[in-house]
Amino acid sequence: MSSAVRLTGEAQEVALAEAQAVRAMADDDGYRERLAALVGAASEGEVGEDDAATLEELLELGLQSGRIRALYGPGGETAALGLYRRLPRGAALAESAGEVNEALRALEGRELGSIELRAVGPGAFTLSLSAGELELSMRLDRQGARVSSVGV
């Protein structure tokens, strides 16, 4: 990440509160130092590359576990999601979803022949679709959604 990410409003409040809460419970001194740096940056309203990586970890855990919604309500969750999408890993997930949507547009207006979802591992799935002469396969897992094959 070459530029800093600005934190404002409810997103800044959630980021700061989560960093402070986790720091208070963390046992590892190195991690506590990373969190202290994040608290300082979040207080100032801007995170750089190192602090962004720590913030991504906090937001991922808080969003996946439901902690952020439980503590800060739907508005806090929405703010945290918006912030996450502006951080590198969140932006990469949004980009991969956009690529899958672009591939799916090739199926628009065609009669769906088949659709199959297969579990390929813990939290990993393959979704296969066919429409006429087109076949599309996507992988869905913690790293996002990706087109794995296109057949004509």
Side-chain angles (χ1 to χ4, degrees), residues 1-22 25-26 31 34-35 37-39 41-42 45-152:
M1 186 170 98
S2 60
S3 63
V5 174
R6 300 265 321 135
L7 306 179
T8 59
E10 196 165 6
Q12 181 181 16
E13 293 172 20
V14 170
L16 185 56
E18 281 300 285
Q20 291 169 330
V22 173
M25 295 182 295
Y31 189 52
R34 286 177 47 211
L35 291 166
L38 175 58
V39 167
E46 190 171 278
V47 294
E49 188 173 351
D50 292 340
D51 295 324
T54 304
L55 182 55
E56 283 175 329
E57 294 169 8
L58 284 179
L59 292 177
E60 286 172 356
L61 182 60
L63 290 165
Q64 289 172 353
S65 69
R67 173 185 162 83
I68 289 177
R69 184 177 184 88
L71 290 178
Y72 310 104
E77 180 181 47
T78 299
L81 283 166
L83 174 56
Y84 182 75
R85 287 185 199 106
R86 292 189 295 122
L87 296 167
R89 288 197 301 231
L93 286 175
E95 183 178 334
S96 71
E99 291 169 359
V100 168
N101 283 329
E102 185 177 326
L104 286 169
R105 284 187 198 96
L107 301 177
E108 285 180 349
R110 299 176 186 266
E111 186 174 326
L112 188 60
S114 68
I115 185 168
E116 179 182 23
L117 180 67
R118 287 180 285 143
V120 293
F125 303 88
T126 299
L127 178 63
S128 300
L129 305 161
S130 70
E133 71 284 356
L134 292 176
E135 293 181 9
L136 179 63
S137 181
M138 295 154 289
R139 183 167 174 98
L140 311 168
D141 57 26
R142 292 180 71 120
Q143 285 71 48
R146 295 173 306 286
V147 175
S148 53
S149 69
V150 177
V152 180

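Since this is a predicted model, take the numbers as computed values, not measurements. If you read the sequence from its start, that first residue is 1, and numbering goes on from there.
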Would you say Glu116 has more than 12 foreign heavy atoms packed within less than 6.0 Å of its CD? yes
Could you tabulate the donor-acceptor pairs under 3.5 Å formed by side-chain atoms of residues 91-99, not counting sequence neighbours?
unit_1	atom_1	unit_2	atom_2	d
Ser96	OG	Leu93	O	2.9
Ser96	OG	Ala145	O	3.2

For the residue pair [X] and [Y], what are the closest heavy atoms and their distance?
| X | Y | value |
| --- | --- | --- |
| Ala52 | Leu87 | CB-CD2, 3.8 Å |
| Ala80 | Val14 | CB-CG1, 4.3 Å |
| Ala119 | Phe125 | CA-CD2, 3.7 Å |
| Leu7 | Gln12 | O-OE1, 3.5 Å |
| Leu134 | Ala106 | CD1-O, 3.4 Å |
| Met138 | Leu129 | CE-CD1, 3.7 Å |

Close side-chain approach of [X] to [Y], heavy-atom, < 4.5 Å:
| X | Y | value |
| --- | --- | --- |
| Thr54 | Asp50 | no |
| Val39 | Leu16 | yes |
| Ile68 | Leu81 | no |

Gap separating the OG1 atom of Thr8 from the CD atom of Glu46, nearest 0.5 angstrom: 11.5 Å
Point-to-point distance, once rounded to the nearest 0.5 Å, from CZ of Arg86 to CZ of Arg6: 9.5 Å
Report the residues that fulfil side chain to side chain donor-acceptor pair (under 3.5 Å) with Glu111, sequence neighbours left out, ordered by chain and then residue number. none
Go through the steps for Asp141 and Arg146 under the test salt bridge (charged side-chain N to carboxylate O under 4.0 Å, His left out), then give the verdict. CA-CA 9 Å; Asp141 57 26; Arg146 295 173 306 286; 2.8 Å; yes
Exactly one candidate in Leu127, Val120, Val147 meets side chain to side chain contact (heavy atoms under 4.5 Å, CB included) with Arg139; the answer is Val120
Any donor-acceptor pair under 3.5 Å linking the side chain of [X] with the backbone of [Y]?
| X | Y | value |
| --- | --- | --- |
| Ser130 | Ser114 | yes |
| Glu77 | Leu63 | no |
| Glu56 | Arg89 | yes |
| Arg34 | Ala53 | no |
| Glu10 | Gly76 | yes |

For the residue pair Glu13 / Tyr72, report whether a side-chain donor-acceptor contact shorter than 3.5 Å exists. no
